[in-house]
Amino acid sequence: MVSEFIAQGRHLVRAEFTLARSELKSEARKAAAGGGMLAAGAVVTLLGAMTLVAFLVIALANVMPLWASALLITGVLLAVGVGVGVVGAKRLKTVHPPQKTLQTLKEDSQWASTTMRSAKSRMHGHA
């Protein structure tokens, strides 16, 4: 009976490991996509900030139509950067812990406890 319990325990551990790996891969893909978009948003926002600095330098150095184009580029880059950053942050919020694995681990723990108690009571009952 104990060897059967151990064999079933091994089978459960393997099944849990496979389920956990599958769930974690799925969540890791979502995290990578969200994190990548967040990083892209940060880079584009940085480019916007650099252009804003160029705008300020040009606008202060000489008041000409050149500043209008610098301001337009700055506005577009900042809007794109903020937009991409918001989308990336929303995607990161969809990443969750492996719920199925956590639930089945709880169930397996309860099963193992019950089976062990039952096996112990049978051993003590026959002794």
Taking atom types as modelled, is there a side-chain donor on Glu16 or Thr104 under 3.5 Å from an acceptor on the other?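 Result is yes, a qualifying pair exists.
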Side-chain donor-acceptor pair under 3.5 Å between Gln103 and Gln99, yes or no? no
I want to check something: taking the side chain as every heavy atom from C-beta on, are Lys100 and Glu23 in contact at a cut-off of under 4.5 Å?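 They are in contact (side-chain heavy atoms under 4.5 Å apart), so the answer is yes.
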Are any non-hydrogen side-chain atoms of Val84 and Val44 less than 4.5 angstrom apart?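 Counting from C-beta outward, Val84 and Val44 never come under 4.5 Å.
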Side chain of Thr18, backbone of Arg14: donor and acceptor closer than 3.5 Å? yes
For [X] and [Y], which heavy atoms make the closest approach, and how far apart are they?
| X | Y | answer |
| --- | --- | --- |
| Pro97 | Leu102 | CB-CD1, 4.4 Å |
| Gly88 | Met37 | CA-CB, 3.7 Å |
| Thr45 | Val82 | OG1-N, 3.9 Å |
| Gly85 | Leu38 | O-CD1, 3.5 Å |
| Leu78 | Ala49 | CD2-N, 4.1 Å |

Look at the side-chain heavy atoms of Ile, Leu, Val, Met, Phe, Trp and Tyr, link any pair under 4.5 Å apart, and say whether Phe17 and Leu12 land in one connected group.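 Different clusters: Phe17 never reaches Leu12 through Ile, Leu, Val, Met, Phe, Trp or Tyr contacts under 4.5 Å.
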Calculate, to the nearest 0.5 Å, the distance between atoms [atom1] and [atom2] belonging to [X] and [Y] respectively.
| X | Y | atom1 | atom2 | value |
| --- | --- | --- | --- | --- |
| Glu27 | Thr94 | CD | OG1 | 7.0 Å |
| Ser69 | Ile58 | OG | CD1 | 7.0 Å |
| Arg29 | Leu24 | CZ | CG | 11.0 Å |

